[in-house]
**Student:** 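Starting off with a structure, shown below.
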Amino acid sequence: MHFHIRDYQRSDAEALADLFRAAVRQISARDYSAAQVDAWAGGVSAERLGARLGDGRTALVAVGDSDAPLAFGDLEADGHIDFLYAAPDAAGKGIAAALYDALESHARAQDMTRLYTEASEAARRFFLKKGFAVVTRRDFVMGSTPMHNYAMEKRL
Ligand SMILES: CC(C)(COP(=O)(O)OP(=O)(O)OC[C@H]1O[C@@H](n2cnc3c(N)ncnc32)[C@H](O)[C@@H]1OP(=O)(O)O)[C@@H](O)C(=O)NCCC(=O)NCCS
């Protein structure tokens with residue numbers, strides 16, 4: 001699948017919110033219950049996502065030939081990765097991996113010493129391959145639904 005990585009633009013917010021929901025509904029259904037997927041997918045809107053990605057952090061989008069988004073991710077000034085999502089058709093093809101590599105390059109260029117994230121089950125498997133370690137499992141409630149993910153970090 002042909003793609004390139006570019007900076008996030010304000011006009012991406014709607015498409016990225018759709019991508020987020022599709023990723024959660026299709027990819028995360030392997031590891032999480034229907035109630036968990038509903039709570040997670042329902043927690044995003046284009047407005048909220050656009051506000052976060054447009055707040056000055058590093059935000060990158062992998063796009064295909066027609067500029068349709070295939071994956072997106074971010075990097076906050078303290079090394080936090082808040083988002084990493086691949087469209088279901090684009091998952092498992094190295095696109096999120098290339099996006100992550102670009103985020104890590106930005107971090108290194110800014111002399112960051114630590115990257116950290118809260119990873120879903122699929123993301124835990126992904127970040128382990130990228131040299132992250134699990135710090136702890138996090139159990140919490142989303143709406144009224146029990147949820148879990150993993151605090152992970154990588155020293156640069
Ligand atoms: C996390 C994510 C960006 C990784 O990108 P990717 O291109 O899928 O990365 P990988 O190919 O390394 O796959 C990572 C894991 O995702 C899962 N996965 C990948 N493609 C999948 C698909 N089409 N359907 C179901 N699961 C899939 C697999 O469990 C895989 O682990 P494995 O290779 O050990 O089996 C992507 O899987 C995704 O968007 N997941 C849903 C959203 C999410 O959990 N985001 C992180 C929030 S913390």
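Counting starts at 1 for both ligands and their atoms, in listed order. Reckoned from all heavy atoms, side chains included, excluding hydrogens, waters and symmetry mates. Small disclaimer: the values here were computed from a predicted structure and weren't measured.
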**Student:** Just by distance, do the side chain of Asn149 and the backbone of Ala119 share a donor-acceptor pair under 3.5 Å?
**Tutor:**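 No, the answer is negative, given that no donor and acceptor are paired below the 3.5 Å cut-off.
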**Student:** Is there side-chain contact between Tyr150 and Glu118, with heavy atoms separated by less than 4.5 Å?
**Tutor:**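 They are not in contact (no side-chain heavy atoms under 4.5 Å apart), so the answer is no.
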**Student:** Among all the protein's non-hydrogen atoms, which is closest to atom 27 (C) of ligand 1, and how far away is it?
**Tutor:** Ile27 CG2, 3.6 Å
**Student:** Quick one: which ligand 1 atoms are inside 4.0 Å of a heavy atom on Glu118?
**Tutor:**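 Answer for ligand 1: 48 (S).
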**Student:** Who gets closest to atom 11 (O) of ligand 1 by heavy atom: Ala29, Ala62, Gly92?
**Tutor:** Gly92
**Student:** Would you call Asp82 and Arg52 a salt bridge, taking side-chain N to carboxylate O under 4.0 Å as the test?
**Tutor:** yes
**Student:** To check your reading of the model: name the closest protein heavy atom to atom 9 (O) of ligand 1, its residue, and the distance in Å.
**Tutor:**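 Protein heavy atom with the smallest distance to atom 9 (O) of ligand 1: Phe126 CD1, 3.3 Å.
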**Student:** Pairing donors with acceptors under 3.5 angstrom, does anything connect the side chains of Asp139 and His148?
**Tutor:**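 There is no such pair between these side chains.
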**Student:** Please confirm whether Leu84 approaches ligand 1 to less than 4.0 Å, judged on its heavy atoms.
**Tutor:** yes
**Student:** Is it the case that the side chain of Gln36 and the backbone of Ser33 share a donor-acceptor pair, with hydrogens and angles ignored and the cut-off at 3.5 Å?
**Tutor:**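 It does hold such a pair.
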**Student:** Specify the protein heavy atom at minimum distance from atom 20 (N) of ligand 1: its residue, its atom name, and the distance to 0.1 Å.
**Tutor:**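 Among all protein heavy atoms, the one nearest atom 20 (N) of ligand 1 is Ala91 CB, 3.5 Å.
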**Student:** Among all protein heavy atoms, pick out the one at the shortest distance from atom 16 (O) of ligand 1; state its residue, atom name and that distance to 0.1 Å.
**Tutor:** Ala122 CB, 3.4 Å
**Student:** Closer than 4.0 Å to some heavy atom of Lys129 - which atoms of ligand 1 meet that?
**Tutor:**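 Reading through ligand 1 atom by atom, the close ones are 10 (P), 12 (O), 33 (O).
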**Student:** Would you mind running through ligand 1 and noting each atom that sits below 4.0 Å from a heavy atom of Ala96?
**Tutor:** 3 (C), 5 (O), 7 (O)
**Student:** Tell me the nearest of Tyr85, Tyr150, Tyr100 to atom 47 (C) of ligand 1, using heavy-atom distances.
**Tutor:**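 Among Tyr85, Tyr150, Tyr100, the closest heavy atom to atom 47 (C) of ligand 1 belongs to Tyr85.
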**Student:** Let me see the working for Glu104 and Lys154 under salt bridge (Lys or Arg N to Asp or Glu O under 4.0 Å), right down to the final yes or no.
**Tutor:** CA-CA 10 Å; Glu104 187 180 308; Lys154 177 177 180 174; 2.9 Å; yes
**Student:** Which of the atoms of ligand 1 are close to Arg30, meaning less than 4.0 Å from one of its heavy atoms?
**Tutor:** 24 (N), 25 (C), 26 (N), 27 (C), 28 (C), 29 (O)
**Student:** Should you measure from each heavy atom of Arg125, which atoms of ligand 1 turn up under 4.0 Å away?
**Tutor:**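 Answer, ordered by atom number: 29 (O), 31 (O), 34 (O).
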**Student:** Check this for me, if you would: do Arg57 and Asp78 make a salt bridge, where the nitrogen-to-carboxylate-oxygen distance has to be below 4.0 angstrom?
**Tutor:** no
**Student:** Could you tell me, atom by atom, which parts of ligand 1 come under 4.0 Å of a heavy atom of Ala86?
**Tutor:**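 This gives 3 (C), 38 (C), 39 (O) as the contact atoms.
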**Student:** For Thr113 and Leu156, indicate whether the former's side chain and the latter's backbone hold a donor-acceptor pair under 3.5 Å.
**Tutor:** no
**Student:** Is it true that Phe132 and Tyr100 have ring centroids separated by less than 6.0 Å?
**Tutor:**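 Yes: the rings meet the under 6.0 Å criterion.
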**Student:** May I ask you to establish whether Arg124 and Phe127 are in a cation-pi arrangement, using a distance under 6.0 Å from NZ or CZ to the six-membered ring centre and at most 45° from the ring axis?
**Tutor:**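 The answer is no, since Arg124 fails at least one limit relative to Phe127.
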**Student:** Of the backbone atoms (N, CA, C, O) and the side-chain heavy atoms from C-beta on, which set of Trp40 has a member under 4.0 Å from an atom of ligand 1: side chain, backbone, both, or neither?
**Tutor:**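 Side chain only.
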**Student:** Which ligand 1 atoms does Ser120 reach within 4.0 Å, using its non-hydrogen atoms?
**Tutor:**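 Every atom of ligand 1 under 4.0 Å from some heavy atom of Ser120: 43 (C), 44 (O), 46 (C), 48 (S).
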